[in-house]
Protein chains: 2
Amino acid sequence: MLDVRRLHLLRELDRRGTIAAVAEALTFTASAVSQQLGVLEREAGVPLLERSGRRVVLTPAGRSLVVHADAVLNRLEQAVAELAGARDGIGGPLRIGTYPSGGHTIVPGALAELALRHPALEPMVREIDSARVSDGLRAGELDVALVHDYDFVPATPDTTVDEVPLLEEPMYLVTRAGSGATDTDATAGPGHGGTLAALLGPCADVPWITARDGTTGHAMAVRACQAAGFQPRIRHQVNDFRTVLALVAAGQGAGFVPEMAAVPNPAGVVLTELPLFRRSKVAFRAGGGAHPAIAAFVAAATAAVGRMAGAGGPAGSAR
Amino acid sequence: MLDVRRLHLLRELDRRGTIAAVAEALTFTASAVSQQLGVLEREAGVPLLERSGRRVVLTPAGRSLVVHADAVLNRLEQAVAELAGARDGIGGPLRIGTYPSGGHTIVPGALAELALRHPALEPMVREIDSARVSDGLRAGELDVALVHDYDFVPATPDTTVDEVPLLEEPMYLVTRAGSGATDTDATAGPGHGGTLAALLGPCADVPWITARDGTTGHAMAVRACQAAGFQPRIRHQVNDFRTVLALVAAGQGAGFVPEMAAVPNPAGVVLTELPLFRRSKVAFRAGGGAHPAIAAFVAAATAAVGRMAGAGGPAGSAR
DNA sequence: CTCACACCTAAGCTGAACTTATGCTCGATG
DNA sequence: CATCGAGCATAAGTTCAGCTTAGGTGTGAG
């Protein structure tokens with residue numbers, strides 16, 4: 001019978017690319033990983049990996065074995081979830097990852113809800129970039145995470161992660177009040193229904209303030225502008241949306257913020273709703289949806305989002 | 001992560017009933033199995049088994065964990081099957097189980113076919129009662145097996161075994177020629193379309209020759225007679241159908257034989273086709289259907305059955 | 001050319017998992 | 001009712017799989 005721990009290593013190798021990275025993620029030495037993969041390969045009777053330069057790549061047989069490994073590990077995750085459900089009560093540590101802005105919007109409400117319903121649960125929040133969530137979940141550093149993706153930024157399908165949608169919110173273009181470009185009033189309601197090109201076009205030549213390089217927010221900004229027909233000239237790279245608003249107000253250029261960050265009466269800026277959406281989701285290891293602590297977090301996050309929307313709070317209307 | 005080897009033990013415990021039996025099947029000591037199940041239980045955090053008299057039984061949590069274990073092991077079997085397919089050529093030992101009469105009807109033709117197409121394959125045939133095939137497959141003593149079941153004998157659904165149907169053949173009532181009961185001619189063609197009760201009724205008071213106690217053939221005979229409205233008086237218990245024919249010819253009573261065993265011109269007996277069927281199948285570990293050696297055996301057995309039917313051989317028409 | 005990165009192999013060490021030995025409880029049997 | 005064996009659990013000893021450490025090879029970047 002194939003050893004599932006070895007299949008796990010093979011899967012991580014497929015995801016992380018190098019044996020050294022697998023070893024680091026699972027806190028082994030590279031030697032141990034190499035040896036175990038060697039044993040797996042001998043058991044399989046088929047070459048699973050081959051050297052390519054100074055790294056290794058999976059052979060077709062190796063890649064198809066990874067598919068089986070995914071299925072097996074997924075099912076094991078379901079089993080532990082069910083066992084956790086059979087255990088009485090929800091308790092113990094729950095490692096929660098969140099994208100930065102989620103930390104001060106959704107998370108506080110969700111934690112309050114969790115504390116109320118499951119006092120024995122010990123939530124541990126950690127900021128993490130959405131792109132690294134999958135690795136964190138698989139490595140066991142995280143149990144659940146708030147993640148998001150944008151239109152124009154394809155969320156690479158990942159069989160190791162399951163997701164529950166939380167919120168879909170429009171993005172807003174932020175321009176300086178009185179700049180003349182898209183000037184209406186300081187808290188422009190829903191956009192004029194224009195196309196992305198029509199709405200962004202006037203800002204083709206102003207400098208842009210985007211999220212930091214390598215993030216999905218950055219990629220979204222670039223691709224949205226490209227879709228509108230121009231290449232943005234990026235001056236500032238800042239992840240915090242409040243800073244984006246402040247920089248725009250200071251005349252430093254234009255930027256994007258999601259509805260959640262679009263405070264009702266921002267000073268000195270104009271907000272224009274765009275036909276461009278950001279989707280927030282809760283992610284967890286594939287198969288783990290039945291885990292009571294994870295289900296509880298999903299419920300709490302959903303409730304928190306609902307309350308934010310229902311109260312007509314700073315985030316405006318959610319969908 | 002749950003250890004799959006331990007899940008395997010749990011599954012075997014569910015199937016075999018006692019830790020001692022699991023240990024024997026997997027060639028461990030009972031102590032080892034007990035210890036490993038203890039570890040599994042501690043990891044699960046939920047009681048998985050509880051003592052019941054001097055044995056143990058699975059708790060509900062334990063049983064639901066077995067369902068996951070089945071799924072996982074099934075998927076692993078698929079993976080090894082695919083790997084075997086990726087390996088070049090079909091070869092090595094193939095352990096084949098067969099019910100006794102299959103050994104001299106289907107198996108020889110299938111082996112000839114296999115030898116022709118896959119000379120590197122080393123088939124190893126072993127007679128085994130259909131009821132024990134599932135255990136043999138799971139224990140790895142067998143890779144494939146010819147099995148059968150009868151009407152009236154429910155084939156208990158088994159998630160650990162996959163089956164491919166091979167042949168469905170009617171059963172024949174065997175009575176002594178000139179006995180006056182159901183006397184037509186020595187090789188009665190298809191029965192007169194009568195009901196089971198009408199066809200078996202005349203033999204209600206004669207002694208019966210059935211398969212040996214504890215086999216599906218025995219159970220079939222008893223239940224068929226019960227369905228016909230009487231309790232058979234069983235005198236001889238014999239598995240070999242040729243012996244059944246000989247005993248009937250010797251005036252020892254009535255019996256059942258499948259079409260395959262109904263030689264064209266048996267001396268001294270009358271064969272009456274019954275509305276009662278026997279289904280022969282090829283069984284293998286769940287998920288193993290893609291294994292090239294197993295697929296080759298299924299194909300060879302199917303071809304052998306087809307040739308037997310096509311040649312209008314001793315077995316008459318197969319369906 | 002040199003260095004560092006990524007991988008592999010060899011050798012030694014440690015702990016998990018097995019066996020052996022023993023005891024306990026339950027149920028069948030005379 | 002006493003006895004015995006079946007079945008499971010625990011304790012202690014042993015073995016081997018799988019880890020780390022150490023060292024060697026090939027590759028690509030500077």
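Reminder, nothing fancy here: chain letters follow the sequence lines and each chain counts from 1.
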Given [options], identify the nucleotide with an atom nearest to the side chain of [X].
{"X": "B:Val56", "options": "D:dC8, D:dC19, C:dT9", "value": "D:dC8"}
{"X": "B:Arg54", "options": "D:dC19, C:dG27, D:dT27", "value": "C:dG27"}
{"X": "A:Phe28", "options": "C:dC8, D:dC8, D:dC19", "value": "D:dC19"}
{"X": "A:Leu49", "options": "C:dT19, C:dC8, D:dT27", "value": "C:dC8"}

Round to a whole Å and report the spacing from [atom1] of [X] to [atom2] of [N].
{"X": "B:Leu37", "N": "D:dT10", "atom1": "CG", "atom2": "C1'", "value": "15 Å"}
{"X": "A:Ile19", "N": "D:dT20", "atom1": "CD1", "atom2": "C1'", "value": "16 Å"}
{"X": "A:Arg55", "N": "C:dA6", "atom1": "CZ", "atom2": "P", "value": "7 Å"}
{"X": "B:Arg5", "N": "D:dC16", "atom1": "CZ", "atom2": "P", "value": "15 Å"}
{"X": "B:Leu40", "N": "C:dA16", "atom1": "CG", "atom2": "C1'", "value": "15 Å"}
{"X": "B:Glu50", "N": "D:dG7", "atom1": "CD", "atom2": "C1'", "value": "16 Å"}
{"X": "B:Asp3", "N": "D:dG18", "atom1": "CG", "atom2": "P", "value": "11 Å"}
{"X": "A:Arg51", "N": "D:dT27", "atom1": "CZ", "atom2": "P", "value": "8 Å"}

### Sole residue of A:Asp143, A:Asp158, A:Asp70, A:Asp135 in salt bridge (Lys or Arg N to Asp or Glu O under 4.0 Å) with A:Arg285
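Per the salt bridge (Lys or Arg N to Asp or Glu O under 4.0 Å) rule, the option paired with A:Arg285 is A:Asp143, out of A:Asp143, A:Asp158, A:Asp70, A:Asp135.
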### Query
More than 12 foreign heavy atoms under 6.0 Å from CZ of B:Arg212: is that the case here?
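No, the 6.0 Å shell around CZ holds no more than 12 heavy atoms from other groups.
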### Query
Quick one: does A:Glu41's side chain have a donor or acceptor within less than 3.5 Å of a partner on A:Leu48's backbone?
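Between the backbone of A:Leu48 and the side chain of A:Glu41 there is a qualifying donor-acceptor contact (under 3.5 Å).
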### Task
Please confirm whether the backbone N or O of A:Ala293 pairs with a side-chain atom of A:His291, one donor and one acceptor, at under 3.5 Å?
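Yes, because the side chain of A:His291 sits within donor-acceptor range (under 3.5 Å) of the backbone of A:Ala293.
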### Task
Taking only the side-chain nitrogens and oxygens of A:Ser34, find out if one of them lies under 4.0 Å from OP1 or OP2 of C:dC7.
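Result: no.
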### Task
Can you label the angle between the B:Phe256 ring and the B:Trp208 ring as parallel, tilted or perpendicular, going by 30° and 60°?
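Rings of B:Phe256 and B:Trp208: parallel, under 30°.
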### Query
Reckon B:Gln35 touches a base, only the sugar-phosphate, or nothing at all at heavy-atom distances under 4.0 Å?
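Base contact - B:Gln35 has a heavy atom under 4.0 Å of at least one base atom.
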### Query
NA contact type, A:Ala32, heavy-atom cut-off 4.0 Å: base, sugar-phosphate, or nothing?
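Contact class for A:Ala32: base.
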### Query
Side chain of B:Ser31, base of C:dT20: donor and acceptor closer than 3.5 Å?
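Such a pair exists between side chain and base.
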#### Entry: Candidate pair A:Ser64 and B:Glu82, rule side-chain hydrogen bond (donor to acceptor under 3.5 Å, both in side chains), full reasoning
CA-CA 9 Å; A:Ser64 78; B:Glu82 197 170 299; 2.7 Å; yes
### Query
Of A:Val39 and B:Ala30, whose nearest nucleotide on DNA chain D comes first from the 5' end?
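Its nearest nucleotide being more 5', the pick is B:Ala30.
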### Task
Run through A:Arg63, A:Arg51, A:Glu50 and flag the one making a side chain to side chain contact (heavy atoms under 4.5 Å, CB included) with A:Val57.
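Single pass found, and it is A:Glu50.
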#### Entry: Residue-level proximity of residues 6-18 of chain B to DNA chain D when a heavy atom falls under 4.0 Å
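Heavy-atom cutoff 4.0 Å gives B:Thr18.
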